[in-house]
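Working notes, structure below.
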2 protein chains.
Amino acid sequence: MNRTGRSAVSSEKRGKSLTEQAYAILRERVITGVLPPGVDVSEPELADQLQMSKTPVREALARLCVEGLMEAFPRRGYRVTPVTLKDMDDLFAVRGVLEGTAAALAAQSLTEDELDALDRLADASYIVGEDVSTKTFVTSNETFHSAIAQGSRNPRLHSLVMSHLEECARLFYMGTRIRDINPETINDHHRIVAVLRQRDGEKARLAMIEHNENTRKGLFAAMVANPQPGISL
Amino acid sequence: MNRTGRSAVSSEKRGKSLTEQAYAILRERVITGVLPPGVDVSEPELADQLQMSKTPVREALARLCVEGLMEAFPRRGYRVTPVTLKDMDDLFAVRGVLEGTAAALAAQSLTEDELDALDRLADASYIVGEDVSTKTFVTSNETFHSAIAQGSRNPRLHSLVMSHLEECARLFYMGTRIRDINPETINDHHRIVAVLRQRDGEKARLAMIEHNENTRKGLFAAMVANPQPGISL
DNA sequence: AAATAGATATGCCACGTAGTATACTACTGG
DNA sequence: CCAGTAGTATACTACGTGGCATATCTATTT
């Protein structure tokens, strides 16, 4: 088998396979809340919906199980992983550590161009302002955080940050009052870029951890004010 | 679908399905070096070896790909993920952060019984002493680190620590001179338990990070002294 | 050197198997 | 006669097999 100059599936751009499609669609549905936590899904039902055989659906579900977005009950079916307050706490705890580390490393290796790009990304988040939809907020937020994580020059760390970011995004789609945490988020972002420009790793770590804590608080407040189905508090 | 009192597949003890079997066998082969980094594997070949159809093999390979132990090349095949020096550096960097955090949290929540158990685990590592086989060393080491990570009371963090620990174990099986890093490891372990007993989270974090750094250095030294196939330095 | 044919890999599917939960029935005890 | 329970039938579910189609790589031929 010759692989010279070829990339593995994880970095393939044109994911044409049905398995990839099913995975992308189902993951999107889980994250955006179309498939809320706790609901049951079955292979034949999804295969019918997605107009494909059960096999690609099955493989997509298996992948989602590994990532923790779904749970498999052998011989019985699948369920979208329920979310508890403890889970959310744990998630944000790990995310803070990972992103804090990424920011500390990024402070020492980000180029000037990348820092400028970060400024623009933070501004873009600001521009959308008040009536920002959840989707645009999540997308813009992910781009910003991803850029910093990539600045760590540690692909493994970047990948971990991204997967945790996506799980947080799932929570954003549940906490409907995005506006409540938005302005603080923008300020945090700008402050993070500022300390990154100072090349101060420890300051950057602390700024990122504090930002993480702020979003956690805002999200939790929005959630208790607006309880969601499938979330045990 | 009724799930009262039932557990998901991830926590099922009796993994009877062929997919689970194939996954366990292949993962073991990759970690222990029976399948060294860089070698090609194919579904039909493995299906023949494991006396099963291609489907369970395929799902096991997919799972290994998600975990990063294998790479998928669409329409062409699979390959055991090659290991580079950069990858190892990145791995240890992330591992240090994760385990350091776990230790810091564990310092505040480990019970006296659990601390006693940790002492015994550290002693068990010591007893095996000089002529320790790689497998017993890896197993004992994993048990010790797992117990601390579990003390963080953060299942997500524990799971991440374990997966990284297993990837490190894979490197241990390659760096054949386990003896070179063994005594230092035992001392580190005892020191970690000591600071955990002091309930000092920051000390525990630092001790764990230093231990991580020591094993990294020892492993790298053993590797340059004894180059392995499939590892680009 | 370019084109082509063969070999081999995955991607996908239809079908059969086996395990599980539920609904129904029959039986038992009051 | 009724209530409750044990057993059974059925209708789901995932699991696994084998085969076909298609894409890719290699070796050969023009």
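Quick note on labels: first sequence line is chain A, next is B, and so on, each numbered from 1. Just so you know, these numbers use all the heavy atoms, side chains as well, and skip hydrogens, waters and symmetry mates. Because the structure is a prediction, the values reported are computed rather than measured.
Between A:Ala149 and A:Ala102, the shortest heavy-atom distance links the atoms CA-CB, 4.0 Å. For the residue pair B:Pro37 and B:Val80, the shortest heavy atom distance occurs at CA-CG1, 3.7 Å.
Taking atom CG of A:Asp40 as the reference point, atom P of C:dA21 lies 13 Å away to the nearest angstrom. What separates CD of A:Gln21 from C1' of C:dC12 is a distance of 13 Å, to the nearest Å. Between A:Phe73 atom CZ and D:dC15 atom C1' the separation is 17 Å, expressed in whole Å. C:dT8 atom P lies 16 Å from atom CG of B:Leu46, rounded to whole Å. B:Glu43 places its CD atom 11 Å from the C1' atom of C:dC12, with the value rounded to the nearest Å.
Taking every side-chain heavy atom of B:Ser53 into account, D:dG18 is the closest of D:dA14, C:dA21, D:dG18. For A:Arg58, the side-chain atoms get nearest to D:dG16 when compared with the rest of C:dT10, D:dG16, C:dC13. Set against D:dA14, D:dC15, C:dG11, the side chain of A:Ser42 has D:dA14 as its closest nucleotide. Among D:dC25, C:dG16, C:dC13, the nucleotide with an atom closest to any side-chain atom of A:Leu18 is C:dC13. The side chain of B:Ser17 sits closest to D:dC15 out of D:dC15, D:dG18, C:dC13. The side chain of A:Arg76 has C:dA21 as its nearest neighbour among C:dA21, C:dT10, C:dC15. Closest to the B:Arg75 side chain, of the nucleotides D:dC15, C:dG11, C:dC12, is C:dG11.
Geometrically, A:Arg63 engages A:Tyr23 in a cation-pi contact, judged by NZ or CZ lying under 6.0 Å from the ring centre and within 45° of the ring axis.
Among the atoms of the strands shown, base atoms are found under 4.0 Å from some heavy atom of A:Thr55.
Partner of A:Leu219 under the side-chain contact (heavy atoms from CB on, under 4.5 Å) criterion, out of A:Leu171, A:Val224, A:Asn214: A:Leu171 alone. Tested against A:Arg95 for a side-chain contact (heavy atoms from CB on, under 4.5 Å), the candidates A:His145, A:Glu167, A:Met208 yield a single pass: A:His145.
Side chain B:Lys16 to base C:dG19: no donor-acceptor pair is found below 3.5 Å.
Between A:Thr19 and the phosphate of C:dC12, there is a side-chain N or O to OP1/OP2 separation shorter than 4.0 Å. Taking only side-chain nitrogens and oxygens, A:Tyr78 comes nearer than 4.0 Å to OP1 or OP2 of D:dC15.
Along DNA chain D, the nucleotide closest to B:Lys54 and the one closest to B:Glu59 are compared, and the more 5′ of them pairs with B:Glu59. The residue among B:Leu61 and A:Met52 whose nearest nucleotide of DNA chain C is located toward the 5' end is B:Leu61.
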